[in-house]
*Asks:* 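Mind having a look at this structure? Questions to follow.
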Amino acid sequence: MVRVGKGTVMVEKQNSSNRGEPVTNIVVVGGSAAGLKAACRVRRLLPDAQVIVVEAGEYISYAACGMPYFLSGDIEQFDKLRATPYGMVKDPEYFAAVKGVEVRTHLRALRIDRDRKELHCDSTDTGESCVLPYDRLVLALGARPVLPDIPGVELGDVHTFTRPEDAIGLKKECEMGQVGTVALIGAGYIGLELCEAFASLWGIDVTLFEMGDHVLPAQLDREVARHVESTLRDAGIDIQLGTSCRGIHEGGGGLQITTPEGLYEKTFDRVIIGVGLRPT
């Protein structure tokens with residue numbers, strides 16, 4: 001049995017005398033912190049087992065909390081967010097050589113055949129299918145961003161900020177001068193960190209929309225939040241409190257946002273949604 005929770009992985013070694021066949025194949029779905037911690041822990045406890053991690057994306061084992069600081073330029077290279085204290089990048093080659101764990105990126109899990117104990121996957125690059133047999137299957141899928149149920153969230157210049165591709169793509173667009181105005185929807189941690197990231201290095205005009213009556217509504221009371229809001233306004237951030245977003249549409253040479261009061265006066269080059277996460 002493999003159980004993952006709050007950084008703990010428990011493995012019960014089986015033997016043929018009383019618990020069936022020994023565990024020899026472990027497959028982990030998800031290549032971020034929980035999945036790779038589980039894979040490495042299992043590999044240490046069951047040194048003869050084959051451990052495979054599948055990840056649909058390109059990047060694994062990265063410090064997601066540092067992505068706003070990569071966007072702001074405080075962290076120059078994204079690889080520093082996935083490096084050991086000794087500067088080794090934690091890529092598939094690292095996990096194979098140092099941890100004895102095989103990591104297959106660009107491989108998307110599609111279906112679990114519980115009767116046959118098989119995980120059906122396909123390549124996000126080629127579309128080629130493959131089947132991975134398992135004795136134990138670990139699901140470590142993380143979370144996905146919450147998208148408000150409003151028109152326009154599917155538009156090309158509307159983004160979330162939870163994946164490395166989000167941070168890398170936005171930074172490249174900033175470097176190329178393609179972003180002059182940004183709307184941030186949601187004044188939680190991500191929204192506030194992105195306020196600083198866009199404004200401090202790039203000098204981008206930032207408008208922050210929050211439907212509550214103060215920033216960081218889940219973390220601070222109104223009195224303390226006022227000090228944060230004052231600092232943001234001193235940095236040139238336009239804060240719109242008590243303002244929900246009813247829709248996003250293209251117009252005026254960019255993106256426009258509709259609020260309960262009607263069409264907001266500014267047009268934006270990018271809209272970033274940061275209203276929360278939910279488990280995958």
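This structure is a prediction, so every number in the text was calculated from the model and none was measured.
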*Asks:* Please tell me whether L46 and F95 are part of a single hydrophobic cluster in this structure, the criterion being side-chain heavy atoms less than 4.5 Å apart.
*Replies:* yes

*Asks:* Relative to F70, does K80 satisfy both conditions: NZ or CZ under 6.0 angstrom from the six-membered ring centre, and within 45 degrees of the ring's axis?
*Replies:* no

*Asks:* Given side-chain contact (heavy atoms from CB on, under 4.5 Å), test E250 with Q256 step by step and report yes or no.
*Replies:* CA-CA 6 Å; E250 296 175 328; Q256 296 179 314; over 6 Å; no

*Asks:* When you compare the side chain of V228 with that of L192, does any pair of heavy atoms fall below 4.5 Å?
*Replies:* yes

*Asks:* Name the residue from V27, V42, N25 that meets the side-chain contact (heavy atoms from CB on, under 4.5 Å) definition with V51.
*Replies:* V42

*Asks:* Above 12 or not: heavy atoms from other molecules or residues under 6.0 Å from CD of Q240?
*Replies:* yes

*Asks:* Closest heavy-atom contact between F268 and I257?
*Replies:* CE1-CD1, 4.0 Å

*Asks:* Ignoring hydrogens, what is the shortest heavy-atom contact between A197 and P68? Give both atom names and the distance.
*Replies:* CB-O, 3.5 Å

*Asks:* Heavy atoms, side chains only, cut-off 4.5 Å: are C121 and V131 in contact?
*Replies:* no

*Asks:* Kindly indicate, with the supporting measurements, whether the criterion side-chain contact (heavy atoms from CB on, under 4.5 Å) is fulfilled by L147 and E154.
*Replies:* CA-CA 10 Å; L147 293 177; E154 75 287 346; over 6 Å; no

*Asks:* Should L184 and I273 be regarded as members of a common hydrophobic cluster, given that ILVMFWY residues are connected when their side-chain heavy atoms come within less than 4.5 Å of each other, either directly or indirectly?
*Replies:* no

*Asks:* Looking only at the side chains, is there a donor atom on one of D74 and S72 sitting less than 3.5 Å from an acceptor on the other?
*Replies:* yes

*Asks:* Quick check on E175: does its CD atom have over 12 non-hydrogen neighbours (other residues, nucleotides or ligands) under 6.0 Å away?
*Replies:* yes

*Asks:* Starting from L110, can I reach I52 by hopping between I/L/V/M/F/W/Y residues whose side chains sit under 4.5 Å apart?
*Replies:* no

*Asks:* Contact between Y189 and Q219 at the side-chain level, heavy atoms closer than 4.5 Å - yes or no?
*Replies:* yes

*Asks:* Which heavy atom in A109 sits nearest to a heavy atom in L119, and how many Å separate them?
*Replies:* CB-CD1, 4.0 Å

*Asks:* Answer yes when D213 and R222 have at least one side-chain N-carboxylate O distance shorter than 4.0 Å, and no when they do not.
*Replies:* yes

*Asks:* Apply the test side-chain contact (heavy atoms from CB on, under 4.5 Å) to residues V101 and V53: give CA-CA distance (whole Å), side-chain angles for both, the deciding distance (0.1 Å), then the verdict.
*Replies:* CA-CA 7 Å; V101 171; V53 178; 3.8 Å; yes

*Asks:* Under a 4.0 Å N-O cut-off, is there an ion pair linking E229 with R226?
*Replies:* yes

*Asks:* If hydrophobic clusters are built from ILVMFWY residues whose side chains come within less than 4.5 Å, do I150 and L155 share one?
*Replies:* yes

*Asks:* Taking C-beta and beyond as the side chain, do F198 and D205 meet within less than 4.5 Å on heavy atoms?
*Replies:* no

*Asks:* If you apply the rule side-chain contact (heavy atoms from CB on, under 4.5 Å), what do you find for L201 with L71, and how did you get there?
*Replies:* CA-CA 9 Å; L201 176 64; L71 179 61; over 6 Å; no

*Asks:* Do the ring planes of Y264 and F209 sit parallel (below 30°), tilted (30 to 60°) or perpendicular (above 60°)?
*Replies:* perpendicular

*Asks:* Are the side chain of D269 and the backbone N or O of T181 linked by a donor-acceptor pair below 3.5 Å?
*Replies:* yes

*Asks:* Looking only at atom types and distance, does a side-chain atom of T84 sit under 3.5 Å from a main-chain N or O of M88, one as donor and one as acceptor?
*Replies:* yes

*Asks:* In plain terms, say whether R233 and D238 are close enough for a salt bridge, that is, a side-chain N and a carboxylate O under 4.0 Å apart.
*Replies:* no

*Asks:* Hey, does the side chain of R43 reach the backbone of G100 with a donor-acceptor pair shorter than 3.5 angstrom?
*Replies:* yes

*Asks:* Inspect the contact between R108 and E55 and indicate whether a charged nitrogen and a carboxylate oxygen are less than 4.0 angstrom apart.
*Replies:* no

*Asks:* If you take all heavy atoms of D91 and I60, which pair is closest and at what distance?
*Replies:* C-CD1, 3.8 Å

*Asks:* Between T105 (side chain only) and E58 (backbone N and O only), is there a donor and an acceptor less than 3.5 Å apart?
*Replies:* no

*Asks:* Please give me the minimum heavy-atom distance between C195 and V206, naming the atom from each residue.
*Replies:* SG-CG1, 4.1 Å

*Asks:* Would you call K171-E173 a salt bridge at under 4.0 Å N-O?
*Replies:* no

*Asks:* Tell me if a side-chain donor or acceptor on T126 pairs with a main-chain N or O of E128 at a distance below 3.5 Å.
*Replies:* yes

*Asks:* Please give me the minimum heavy-atom distance between G127 and D122, naming the atom from each residue.
*Replies:* O-CB, 4.0 Å

*Asks:* Can you tell if the side chain of L194 reaches within under 4.5 Å of the side chain of I272, non-hydrogen atoms only?
*Replies:* yes

*Asks:* Please say whether more than 12 non-hydrogen atoms of neighbouring residues, nucleotides or ligands are located less than 6.0 Å from CD in E261.
*Replies:* yes

